[in-house]
Amino acid sequence: MAAFRRLPCRLLLALLFSVLAVGSSLAATGPGDIAVFWGRNKDEGTLREACDTGAYTAVLISFLTGFGGGGANTSYSLDLSGHPLAGVGADIKHCQSKGILVLLSIGGPAAAGNNASHSLPTQRSAAELAAHLWDAYLGGARPGVPRPFGDAALDGVDFYIDDQQGAGHYDELARRLSARGRSYRGRPGGVTLTATVRCAYPDPGLAAALATGLFARVHVRLYGGDLRCEWGQFDSWNKWAAAYPGSRVFVGVVASPEADQDAYLFQKDLYYGILQFAEKVPNYGGLMIWDRYYDKINHYISSS
């Protein structure tokens, strides 16, 4: 990640804060929609508290870390880092009542430190995961399938497939999910699909899935030790934005140096180095923040 700290990266981040005065809250200046990951640290507070900050327009509950394999070997693992499940369903409904999208992110960082594994080696395993997501987290219900969040129905699914060895039939999963509920939750587009990808284009683990054209948003991570990233020349941003004109493309950043010291960008640098450029592409969507805990302790986007 040392390459990320050079001048080109700082120039990229500066773009993101073009509407910010130095030291002011990013949320108050309107850099587009702001998505945040929630569920990675018990000390981040509840989901309701995150939504009540008024800083975020979308929350990605993270993560469903274990899935795939197919048949009798299928095992599903939801990891919310010690957050009690009781109350999350009510919080989801509360956030949605405020117009905030709430999605479940599947997969997660390869270095997350948990023993759960995920893969979709066959189309059948993709079909089984789609059915599980629909019945356990989205608009379905099936006897014998627990719903961790009760009757709360999430708005969609985020694909965070960082483990390249876990790559598989994510294109089939996307098609299966998209085919369910064409007007899901009152939206003609149905289930909302997003992808959280590596900075360097393309991301091998999700290339086939993104090629379906079914993803409403693509979150491009400017962190995570990706030494192949070419943000210094704006090449990667141009490639992602141009490759998926039908998707809104988000700039993904860490909210504190504790999350990734090499990739962390001060607000001023983010604004003057990145956002002013990124906003010019017609499908610019906004910011993706890793994560709620780091934002809470550093007040990167939110003031609370």
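Excluded from the calculations below are hydrogen atoms, water molecules and symmetry mates; all remaining heavy atoms, backbone and side chain alike, are included.
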Original post:
Are any of the side-chain heavy atoms of Asp79 and Ser81 separated by less than 4.5 Å?
Top reply: yes
Original post:
What closest approach, in Å, do Ser302 and Ala55 show between heavy atoms, and which atom pair accounts for it?
Top reply: CB-CB, 3.8 Å
**OP:** Kindly indicate whether the side chain of Pro257, heavy atoms from C-beta on, has any atom under 4.5 Å from the side chain of Asn298.
**Re:** yes
Original post:
Is a side-chain donor or acceptor of His94 paired with a backbone partner of Arg48 at a separation under 3.5 angstrom?
Top reply: no
Original post:
Do His132 and Tyr76 have their ring centres less than 6.0 Å from each other?
Top reply: yes
Subject >> Option from Val157, Leu64, Leu177 for which side chain to side chain contact (heavy atoms under 4.5 Å, CB included) with Leu129 holds >> reply: Leu64
Original post:
So which heavy atom on Asp291 is nearest to which on Arg40, and how close?
Top reply: OD2-CB, 3.3 Å
Original post:
Taking C-beta and beyond as the side chain, do Phe63 and Pro109 meet within less than 4.5 Å on heavy atoms?
Top reply: yes
Original post:
Do Thr122 and Glu172 have side-chain heavy atoms sitting under 4.5 Å apart?
Top reply: no
**OP:** First locate atom OG of Ser105, then atom CD1 of Ile161, and finally report the distance between them rounded to the nearest 0.5 Å.
**Re:** 7.5 Å
**OP:** Answer whether the closest heavy-atom distance between the side chains of Tyr294 and Val254 falls below 4.5 Å.
**Re:** no
Original post:
Between Val218 and Thr194, does a side-chain contact (heavy atoms from CB on, under 4.5 Å) hold up when you go through it step by step?
Top reply: CA-CA 6 Å; Val218 178; Thr194 67; over 6 Å; no
**OP:** Classify the ring geometry between Trp240 and Tyr201 as parallel (under 30°), tilted (30 to 60°) or perpendicular (over 60°).
**Re:** perpendicular
Original post:
Side-chain contact, heavy-atom cut-off 4.5 Å: His219 with Val197?
Top reply: no
Original post:
For Asp162 and Arg198, which heavy atoms make the closest approach, and how far apart are they?
Top reply: O-NH2, 2.9 Å
Original post:
Going by the angle between their ring planes, with limits at 30° and 60°, are Tyr264 and Tyr300 parallel, tilted or perpendicular?
Top reply: tilted
Original post:
Going by distance alone, is a donor N or O of one side chain under 3.5 Å from an acceptor N or O of the other, for His83 and Asn41?
Top reply: no
**OP:** Find out whether Val59 and Cys51 are in side-chain contact, i.e. whether some heavy atom of one side chain is under 4.5 Å from a heavy atom of the other.
**Re:** yes
**OP:** Identify the two heavy atoms, one from Asp155 and one from Leu138, that lie closest to each other, and give their separation to 0.1 Å.
**Re:** C-CD2, 4.5 Å
Subject >> Heavy-atom check, side chain of Ile106 versus side chain of Tyr160, under 4.5 Å >> reply: no
Original post:
Would Arg147 and Asp135 pass as an ion pair if we require N to O under 4.0 Å?
Top reply: no
**OP:** Determine, for Arg217 against Asp158, whether the closest basic-nitrogen to carboxylate-oxygen distance falls under 4.0 angstrom.
**Re:** no
**OP:** Indicate the atoms forming the closest heavy-atom contact of Ser247 with Phe215, along with that distance.
**Re:** OG-O, 2.5 Å
Subject >> Lys/Arg N to Asp/Glu carboxylate O, Arg175 vs Asp171, below 4.0 Å >> reply: yes
Original post:
For Trp290 and Ala259, which heavy atoms make the closest approach, and how far apart are they?
Top reply: CD1-CB, 4.3 Å
